[in-house]
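Shown below is the structure under consideration.
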2 protein chains.
Amino acid sequence: MPSTATAAPGSDNSAGLVLGQLKDDILTGFFSPGEKLKMTTLKARYQVGVSPLREALSQLLVEQLVVVENQRGFKVHPISQAEMQDIYQTRSHIEALCVVQAIENGDDAWEAGIVAAAHQLKKSASLLEQSEADLHRWEALHQAFHTAIARGCQSPSLLHVRRSLYEKASRYRNLWLKQNMIDGVVFDANQKDHNDLVDAVLARDSDTAERLIKEHLLAPYRALKNFVY
Amino acid sequence: MPSTATAAPGSDNSAGLVLGQLKDDILTGFFSPGEKLKMTTLKARYQVGVSPLREALSQLLVEQLVVVENQRGFKVHPISQAEMQDIYQTRSHIEALCVVQAIENGDDAWEAGIVAAAHQLKKSASLLEQSEADLHRWEALHQAFHTAIARGCQSPSLLHVRRSLYEKASRYRNLWLKQNMIDGVVFDANQKDHNDLVDAVLARDSDTAERLIKEHLLAPYRALKNFVY
DNA sequence: GGAGCCAATAATGTCGACATTTTTAACTTA
DNA sequence: TAAGTTAAAAATGTCGACATTATTGGCTCC
């Protein structure tokens with residue numbers, strides 16, 4: 001599975017680099033949920049010592065992508081039906097907050113960013129193969145599109161939470177894709193959702209936009225929730 | 001200033017302990033906003049080596065209580081009018097989400113916890129001196145009261161965000177108190193707010209509860225926002 | 001006198017080493 | 001054979017040391 005390339009490195013030192021790689025490896029499922037993360041394994045994979053590794057793991061601990069037990073090291077955060085439901089539901093509420101506030105605060109540059117991102121997404125969707133690389137390119141554009149909308153809320157703290165929840169949700173999505181690659185995108189490639197959302201947002205129709213975005217984010221959850229881990 | 005004793009240690013190793021102490025020192029203003037956090041200083045204060053320190057700082061980095069620059073070490077996260085507004089506003093939205101969902105999901109034990117916490121808070125408020133220790137005891141009960149309500153939402157991810165925002169907001173509150181200790185509690189000791197909130201919550205009146213909690217959390221912001229840093 | 005340069009000092013970030021704890025595996029004993 | 005015990009092996013968490021980078025202070029030169 002290719003990198004999600006979503007993880008922004010905190011700093012350009014060794015710990016920051018390994019943070020991005022390790023996060024990617026967890027989100028893409030290279031390291032499985034619950035898997036023990038032995039230092040010898042990580043040292044060999046990322047070619048660094050324990051210090052940068054422990055710093056990166058400490059950060060992933062706060063983001064709840066790993067768990068720790070004293071003197072017993074780190075594990076990948078386990079997945080569960082309950083957590084998946086929690087993440088997706090909270091994410092829909094947070095995203096809705098972003099959209100509503102963006103509609104209140106967004107300026108002309110924000111609107112321009114939305115139509116630009118929507119255009120790119122639409123073009124990408126039209127020539128969408130079922131290949132893994134295409135799928136990941138589309139997902140990047142998909143996320144960029146929604147970020148273009150959410151960004152208008154102009155609240156760093158909300159956007160911070162939003163990013164964290166996206167990452168946690170993307171792990172469930174990626175794990176699912178890993179097993180069901182055939183009809184992979186059926187559950188979120190529906191272009192109509194996006195057209196309707198853009199219309200509501202640009203019309204500054206908060207209520208409609210809120211309803212649409214919540215539904216848009218909960219639809220994949222309904223598709224994934226019967227996935228047996 | 002006494003410890004806020006709010007920071008839950010991640011694990012009982014050295015890094016987990018120093019995380020709690022360092023977080024407290026930042027939230028209470030022992031280390032000032034923007035202050036350089038030199039390793040020699042931290043080593044001397046917490047009696048540990050650089051490894052646990054860097055792990056703790058890495059976690060505070062994610063929680064945005066410190067900032068880092070490569071090869072230039074860590075600083076306490078600066079404060080600003082803009083961040084304060086952002087934190088308090090987002091916090092009011094998140095807390096409202098918690099309350100509304102708690103009203104939907106809360107059970108009998110949840111209701112019992114609320115009336116118990118409200119009772120303790122009321123008793124504490126009646127014998128409230130203006131001493132620093134009293135003030136911190138009251139604030140602990142105050143937070144416990146609101147947590148008793150929010151807990152009913154039964155969403156770990158929402159409660160996680162909520163805790164993080166509380167901590168960030170508490171720093172602004174503590175910094176303000178440090179300079180204005182005289183009439184310290186006037187802006188949030190109003191018992192009527194709490195009585196009304198309990199009534200609305202127990203009556204499962206979401207709209208009223210949402211309005212009350214948002215107002216309750218934004219009131220201190222209005223009091224603090226003219227505070228010149 | 002002030003700006004620019006250079007050496008000396010100090011600080012950061014990373015590694016290997018070590019003490020402590022956990023895990024594994026063999027061995028005893030009933 | 002299965003459970004309990006003990007020794008060996010492995011893994012974690014922390015420290016001190018070191019290379020690299022940033023900062024300070026003095027010196028020269030204009």
Side-chain angles (χ1 to χ4, degrees), chain A residues 7-26 29-78, chain B residues 7-26 29-78:
Chain A
S11 192
D12 54 351
N13 55 10
S14 193
L17 293 177
V18 70
L19 168 65
Q21 302 176 53
L22 184 46
K23 185 188 282 190
D24 247 25
D25 283 338
I26 291 174
F30 178 85
F31 290 121
S32 302
E35 181 174 353
K36 179 78 196 297
L37 294 169
K38 273 201 286 240
M39 283 299 166
T40 52
T41 308
L42 301 180
K43 278 170 65 175
R45 181 163 174 81
Y46 305 114
Q47 297 292 317
V48 293
V50 294
S51 305
L53 280 173
R54 292 188 61 88
E55 288 179 32
L57 288 164
S58 296
Q59 300 190 48
L60 296 176
L61 192 60
V62 179
E63 301 188 35
Q64 299 187 329
L65 291 176
V66 303
V67 293
V68 68
E69 205 172 347
N70 192 24
Q71 294 290 46
R72 262 174 252 190
F74 295 86
K75 283 187 169 66
V76 178
H77 197 293
Chain B
S11 190
D12 55 351
N13 55 10
S14 194
L17 293 178
V18 69
L19 168 65
Q21 301 176 53
L22 184 46
K23 185 188 281 189
D24 248 24
D25 282 337
I26 291 174
F30 178 84
F31 290 121
S32 302
E35 181 174 354
K36 179 80 196 295
L37 294 170
K38 274 201 285 238
M39 283 300 168
T40 52
T41 308
L42 301 179
K43 278 170 65 175
R45 179 163 177 83
Y46 305 114
Q47 296 292 315
V48 293
V50 295
S51 305
L53 280 173
R54 291 188 63 88
E55 289 180 30
L57 288 164
S58 297
Q59 300 191 48
L60 296 177
L61 191 60
V62 179
E63 302 187 36
Q64 299 186 329
L65 291 177
V66 303
V67 293
V68 68
E69 206 172 347
N70 192 21
Q71 295 289 39
R72 264 174 248 192
F74 294 86
K75 284 188 169 71
V76 178
H77 197 291

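Lettering follows sequence order; numbering is per chain, from 1. This is a predicted model, so every value here is computed, not measured.
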Pairwise N/O distances under 3.5 Å, protein to nucleotides 9-12 of chain D:
| from | atom 1 | to | atom 2 | distance (Å) |
| --- | --- | --- | --- | --- |
| dT12(D) | OP1 | K36(A) | NZ | 3.4 |
| dT12(D) | OP2 | M39(A) | N | 3.3 |

Heavy-atom closest pair, residues K75(A) and L37(A) =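 What the structure gives for the nearest pair is C-CD1, 4.1 Å.
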Check whether any side-chain heavy atom of V67(A) sits under 4.5 Å from a side-chain heavy atom of P78(A), and report yes or no.
->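 Touching, per the 4.5 Å side-chain cut-off.
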Pairwise distance CG(L19(A)) to CG(D24(A)) - rounded to 0.5 angstrom |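 Separation between the atoms: 10.0 Å.
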Give the first and the last nucleotide of DNA chain C, reading 5' to 3', that has any atom under 4.0 Å from a heavy atom of chain B.
->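 Both ends considered, the range comes out as dA11(C) to dT14(C).
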Rounded to the nearest 0.5 Å, how far does CG of L53(B) lie from CG of L22(B)?
->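 Here the rounded value is 7.5 Å.
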Do F31(A) and L42(A) come within less than 4.5 Å of each other through their side chains, counting heavy atoms only?
->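 Yes, their side chains come closer than 4.5 Å.
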Minimum heavy-atom distance between S14(B) and V48(B), given as atom pair plus value |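 Smallest interatomic distance, heavy atoms only, reads OG-CG1, 3.2 Å.
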Could you name each residue pair satisfying side chain to side chain donor-acceptor pair (under 3.5 Å) that touches residues 29-38 of chain B, not counting sequence neighbours?
->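 Those involving residues 29-38 of chain B do not exist here.
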For R72(A), all residues meeting side chain to side chain contact (heavy atoms under 4.5 Å, CB included), sequence neighbours excluded =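 Side chain to side chain contact (heavy atoms under 4.5 Å, CB included) list for R72(A), sorted by chain: E69(A).
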Under the salt bridge (charged side-chain N to carboxylate O under 4.0 Å, His left out) rule, what pairs show up with a residue in residues 55-68 of chain A, not counting sequence neighbours?
->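 Every salt bridge (charged side-chain N to carboxylate O under 4.0 Å, His left out) pair that includes a residue of residues 55-68 of chain A, provided the two are not neighbours, is K23(A)-E63(A), E55(A)-R54(B).
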When you measure from every atom of DNA chain D, which of residues 41-50 of chain A have a heavy atom less than 4.0 Å away?
->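 Of all residues in residues 41-50 of chain A, the ones placing a heavy atom under 4.0 Å from DNA chain D are V50(A).
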Evaluate the side-chain proximity of M39(A) to L57(A): yes if any heavy-atom separation is below 4.5 Å, no if none is.
->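 L57(A) vs M39(A): side chains touch.
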